[in-house]
Amino acid sequence: MLEKQRITILGSTGSIGKSALDVVRHYPDRFEVVGLAAHQNISLLLKQIAEFQPACVAVSDPNALAALRQHDPPTTVLDDDRPLESLATIPVDTVLCAVVGAVGLRPLLAAIDAGNRVAVANKEPFVMAGRLVMERARKRGVEVLPVDSEHNAIFQCIHGHEQSDVACIHLTASGGPFYGRERSALEEVLPEEATKHPTWDMGAKISVDSATLMNKGLEIIEAMWLFDLPAEQIDVVIHPQSIIHSLVEFRDGNILAHLGVTDMKFPILFALTYPERVELPMKRLDLTAMKALTFDVPDFSAFPCLALARQAAITGGTAPAILNAANEEAVSAFCDHRLGFLQISDVVDAVCSMIESSSGYHLEAVLAVDQRAREAAQGVIARYAL
Ligand SMILES: NC(=O)c1ccc[n+]([C@@H]2O[C@H](COP(=O)([O-])OP(=O)(O)OC[C@H]3O[C@@H](n4cnc5c(N)ncnc54)[C@H](OP(=O)(O)O)[C@@H]3O)[C@@H](O)[C@H]2O)c1
């Protein structure tokens, strides 16, 4: 009989977490869910506990934790100071990192330090501290598998090739819900419109990042660390159909592309079962139904976040951490109707100019600059609200 793969999912109540549990549902004999973690969504977590019977759960919000305890769920509820980190250290085959934002950094490092293989959807920790994450993984001999569809695609295209033969990576971007619009036409955009992505169904923060194109900027930085390439060897091409998930160009001019349907279950299954290839009984790409695959250059003036992220990538050191913190604060303010859509990039730009970056990349340096950038962003956001 096949030995079950033990997995922990950090962020099980989110878009990626739910897709991962859908994958698990397809293969009851293959996966054992050891741990689940959420922030606030206790009602969904309780359903997941009942269905998947994890040995342990962690909840990061103290009020939600107290509410969960009142239900006396049939599992161990971790309640130390850093429950997600504790959960991440429990020995498993793979920890799927699928929380949103910088809060995922410590649990990701905890999983790596404990020797757990990590499948990473949560891109912000890579943006903040990619060098630190990869250095720790190398030292601990831990595999880091990308779940983000573009990076998962690149991982598959690059596999078996010499890294020195890679000329560049082309990250594809759908262009988001506002592709083709002038900047002036984005003034009145509401969160409800920005979170409606044309090709992917995702959480609110990444949907807004896709609308501003910051998501693609964050992905440039994520790719730098995952594939050990400078920003200059990573470009972005708009591909509205989202069929090609990214491409790798080799120095002899050959280009390999990864094609697939827009469903995160495919990269999630790939990462969880790597290096095996497992049949997924889901809708496949119908090649003859595709009428066109089109490509375009990004509009840097309508979507300045992409250029800001590229600049932070080139500057290096703590610059990407500053960019990420400012963006998280600005997106959160936009979702709360405290900031306009166009002001997201203004806030990020202002904070990146206000705070000097350094070459430090250790955890303390990264967390300190993250905090400073958030405070600065709050100040800028408050000025806009006046
Ligand atoms: N969705 C996609 O298709 C996709 C694709 C590629 C990459 N990603 C990346 O994957 C990550 C997750 O994205 P998502 O779309 O799944 O986000 P999401 O739907 O918003 O889910 C976020 C998850 O993180 C938890 N969470 C939120 N705040 C937290 C906190 N302070 N501490 C601990 N946990 C917290 C949430 O718990 P509650 O539900 O309890 O609040 C939820 O489980 C992001 O970094 C995103 O960039 C997503």
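Whatever order the structure lists them in is the order used to number ligands and atoms, beginning at 1.
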So which of [options] gets nearest to [atom], if we judge by its closest heavy atom?
atom	options	value
atom 23 (C) of ligand 1	Ala98, Ala102, Gly17	Ala98
atom 42 (C) of ligand 1	Gly101, Ser12, Gly14, Ala204	Gly14
atom 40 (O) of ligand 1	Gln40, Lys18, Lys123, Glu222	Gln40
atom 38 (P) of ligand 1	Asp263, Thr13, Leu44, Asn122	Thr13
atom 24 (O) of ligand 1	Leu218, Val103, Val99, Asp209	Val99

Just by distance, do the side chain of Arg117 and the backbone of Leu272 share a donor-acceptor pair under 3.5 Å?
->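 Side chain of Arg117 to backbone of Leu272: a pair is present.
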[X] heavy atoms, cut-off 4.0 Å: which ligand 1 atoms fall inside?
X	result
Ala121	7 (C), 8 (N), 9 (C), 10 (O)
Ser60	30 (C), 32 (N), 33 (C), 34 (N)
Asn41	38 (P), 39 (O), 40 (O)
Ala38	40 (O)

Would you mind checking if [Y] and [X] are paired as a salt bridge, meaning a charged N to carboxylate O distance below 4.0 Å?
X	Y	result
Lys205	Asp209	yes
Arg140	Asp113	no
Asp263	Lys283	no
Asp148	Lys123	yes
Arg338	Glu329	no
Lys216	Glu219	yes

Tell me the protein heavy atom at minimum distance from [atom], and give that distance in Å.
atom	result
atom 46 (C) of ligand 1	Ile206 CD1, 3.9 Å
atom 7 (C) of ligand 1	Asp148 OD1, 3.3 Å
atom 19 (O) of ligand 1	Ser15 N, 2.9 Å
atom 22 (C) of ligand 1	Val100 CG1, 3.7 Å
atom 26 (N) of ligand 1	His39 CB, 3.5 Å

Between Gly203 and ligand 1, is there a nitrogen or oxygen pair with a distance under 3.5 Å?
->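 Yes; the residue has a nitrogen or oxygen that sits under 3.5 Å from a nitrogen or oxygen of the ligand.
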Under 3.5 Å, N or O to N or O, is Ile16 touching ligand 1 that way?
->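 Min N/O separation from ligand 1 is below 3.5 Å for Ile16.
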Under a 4.0 Å heavy-atom limit, does Glu124 contact ligand 1 with its side chain, its backbone, both, or neither?
->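 Answer for Glu124: side chain.
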Between Met264 and ligand 1, which residue portion shows a heavy-atom distance shorter than 4.0 Å: side chain, backbone, both, or neither?
->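 Answer for Met264: side chain.
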Could you give me the CA-CA distance, side-chain angles and deciding distance for Phe31 and Phe52, then say whether ring pair (Phe, Tyr, Trp, His ring centres under 6.0 Å) is met?
-> CA-CA 10 Å; Phe31 295 110; Phe52 297 98; over 10 Å; no
Find out whether Tyr27 and Val278 are in side-chain contact, i.e. whether some heavy atom of one side chain is under 4.5 Å from a heavy atom of the other.
->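 They are in contact (side-chain heavy atoms under 4.5 Å apart), so the answer is yes.
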For the residue pair Glu249 and His170, establish whether any side-chain heavy-atom pair is separated by less than 4.5 Å.
->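 Yes. Closest side-chain heavy atoms under 4.5 Å.
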Do Phe155 and Tyr274 have ring centroids that are under 6.0 Å from one another?
->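 Yes, ring centres under 6.0 Å apart.
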